[in-house]
Protein chains: 2
Amino acid sequence: MPMDLTNTDMEQLDELTCIKHAYQRGDFLYRSGAKFQSLYAIRTGFFKTQVLHEDGREQVTGFQMAGEIIGMDAISSDAHACDAIALEDSEVCEIPFSRMEELSRKLPSLQRHLHRILSREIVRDQGIMLLLGSMRAEERLAAFLLNLSQRFAARGYSPTSFYLRMTRQEIGSYLGMKLETVSRTLSNFQGAGLITIRNKSVEIHNLQKLQRFVGPPPECG
Amino acid sequence: MPMDLTNTDMEQLDELTCIKHAYQRGDFLYRSGAKFQSLYAIRTGFFKTQVLHEDGREQVTGFQMAGEIIGMDAISSDAHACDAIALEDSEVCEIPFSRMEELSRKLPSLQRHLHRILSREIVRDQGIMLLLGSMRAEERLAAFLLNLSQRFAARGYSPTSFYLRMTRQEIGSYLGMKLETVSRTLSNFQGAGLITIRNKSVEIHNLQKLQRFVGPPPECG
DNA sequence: GTCGAAACTTGATTTACATCAAGCGGCACA
DNA sequence: TGTGCCGCTTGATGTAAATCAAGTTTCGAC
C-alpha cells in the first residue's frame, strides 16, 4: 500500500489492516450476494473475480495479485456483486470498511487514497470495455500479456518470464473469447517468435513487437 | 440526489452543487487528459463518454442522463481519462471535488453517498463487461433497450416509448458492434413485433419478450 | 507408479458479424 | 422550397472466431 502517509498515520492505518486470512487454491474470498463488510488487500497470491449471469454464463472481470484491493463493487449495495476465488494459495488482509470510512474522515490522505483506488478500478474497467468492444482476438491477448508483464515488473518480478495462474478458459472468459481461440492465438504468437509458451509458463521474447500487435491491423500502408 | 441527509446537511451540500453550466449538443463537458477539478451532476440532458485509443479507435463507455454523476474516472490520476460530450442541450452542476472531499469528512452520510456512487460505477462497468464479453449482438441490444427503459421509467418517463439521443454508430460503439448490425438487429426486433422503431423513436411493445432475449439462445429444449 | 479427469492443442466446419456497396430519407441550410 | 449531407437501411459477400471433434499432455488422487 504505497501512499503518502506520515508515520503516525501509518500506525492508525495499521489498525485497519490487521485481520489476515489465508486461502487455498479454489477457495472463495467472497461470493456474489454475500453481505458487504470489508475490502480485501491481497498480500500474496492470485485471485480472479467473476460475475455470473442468471442463465449460467460467467464472465471473469479481473485477475488480482499482491498489493491490489478487491471487494469495491460491494460498497454500492452492501452486497458483493461478484465472486472472488483464489487461483493459488494466498494471503489477504481484511479491511473492515466501516472502520476505513471512519478513519478516512480523520485522515485526508487515507480518504484521498481510497478515492483514488475506487477511481482506478473504474479506469481499469473502461480499459477492458475498450478491449472487449473494439479489439480483435489477437490484440486482446497481446494486451493481456503486456498487462500481466507490467504488473509483474512493478512487483519486482521478470516482465518477460512468468507463470499464468489461470486456465485458458478463464483467460478466454476475461477476454471475451473461447478457450480454443486463446490456445490457437498463443500458438500463433509462438509461431511468430514473439513468445514461448509451455503449459502455463510464458516467456516474452519481444515486448515491442507484442506491443505493436495492440493496434489496428497493418493495412495502413 | 436522493440521500438521507438532514436539512442542515442539505444546506451545506448546497454549497457544493451551486455551479451550474449549460452545454449545447456536441459540446465537450471535459476532454481526455484535462486536469481534474470537479465531478458533474447532470441536471437535464444527455451525455456520452468515450475513450480514445491512440490508434484512433474509439469506444463509447456510457450514456448518462439527468441525475447521474460523471467524471469519476478522473480522480485516480487527477486527469480525465475519457471525453464527455453532450448529445443534446444539457445542464450540469459542477461539483468541485476538493470541496466534496472536505465536506464528506464532516458529513458521514455524504461520504457514504460518494462511496456508493463510485462503487455503483464499478458495478455498472462490470455489467457492460459481461455484456461485451459473453452476449450476442441481439442480446446486447435487447439489454441496452431494457436498460434505457428502466432509466427513463425511474425518471418518470414512459418505459416503453422514448427517443434515442444517440446515433446507431454510437450505440454500436457502446455495444461492440457495427452500425449496420445495430440497424439490422433493430429491424429484426421490429419484424418480430417486439418494438416499433422509426428513426430515433422507439416503442417497446413487450418488455417481457425483450427481456427473454437477454439470455442464452433457446436451444435448450 | 497407475488411473482418471481436466486442461490443452490442433484440425475441419459452421456461423455471426463485419465489410463492401448502393439507395433512401430527414434535416440543416441556402 | 430546393439541395446536399449525414444518418440510416438493406443486400451481397467475406472473414474472424465459434463450434464440433479428436487426440495429447498434465496433474492430482489413490
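Side chains included, hydrogens not; waters and symmetry mates left out as well; all remaining heavy atoms used. Because the structure is predicted, anything quoted here is derived from the model rather than measured.
- Atom-to-atom, NZ of A/Lys200 to P of D/dC27 comes out at 9 Å; the value is rounded to the nearest Å.
- Taking for each of A/Gly176 and B/Met166 the nucleotide of DNA chain D with the nearest heavy atom, the 5'-most of the two is the partner of B/Met166.
- Within 4.0 Å of B/Leu179, counting heavy atoms only, lies at least one base atom of the nucleic acid.
- A straight line from CD of B/Gln169 to P of C/dT19 spans 11 Å, rounded to a whole angstrom.
- In this structure, A/Met177 atom CE and C/dC17 atom C1' are separated by 17 Å, rounded to whole Å.
- Between the CG atom of B/Leu186 and the C1' atom of D/dT9 there is a distance of 11 Å, given to the nearest Å.
- Distances shown here put a side-chain N or O of A/Arg198 below 4.0 Å from the OP1 or OP2 atom of D/dT26.
- Residue B/Phe28 qualifies as enclosed at atom CZ: its count of foreign heavy atoms under 6.0 Å is above 12.
- For A/Glu94 and A/Arg99, the salt-bridge test fails: no basic side-chain N is under 4.0 Å from an acidic carboxylate O.
- Applying side-chain hydrogen bond (donor to acceptor under 3.5 Å, both in side chains) to B/Thr196 and the options B/His205, B/Glu203, B/Gln190 leaves one that passes, B/His205.
- Within the nucleic acid shown, B/Ser183 comes within 4.0 Å of at least one base atom, counting heavy atoms only.
- Atom CD in A/Glu180 sits about 13 Å away from atom P in C/dT10, given to the nearest Å.
- Residue A/Arg136 contributes atom CZ, which lies 18 Å from atom P of C/dC17 at whole-angstrom precision.
- Inspection of the A/Ser173 and A/Glu58 side chains reveals no N or O donor paired with an N or O acceptor under 3.5 Å.
- Per the geometry, CG belonging to B/Asn199 stands 13 Å off C1' belonging to D/dC6, to the nearest Å.
- Rounded to whole Å, atom P of C/dC17 lies 12 Å from atom CG of B/Leu175.
- Between A/Arg168 and C/dT9 there is a side-chain N or O to OP1 or OP2 distance below 4.0 Å.
- When each of B/Arg25 and B/Ala137 is assigned the nucleotide of DNA chain C with its nearest heavy atom, B/Ala137 is the one assigned upstream, toward the 5' end.
- Around the CZ atom of A/Phe152, the shell of radius 6.0 Å holds more than 12 heavy atoms that belong to other residues, nucleotides or ligands.
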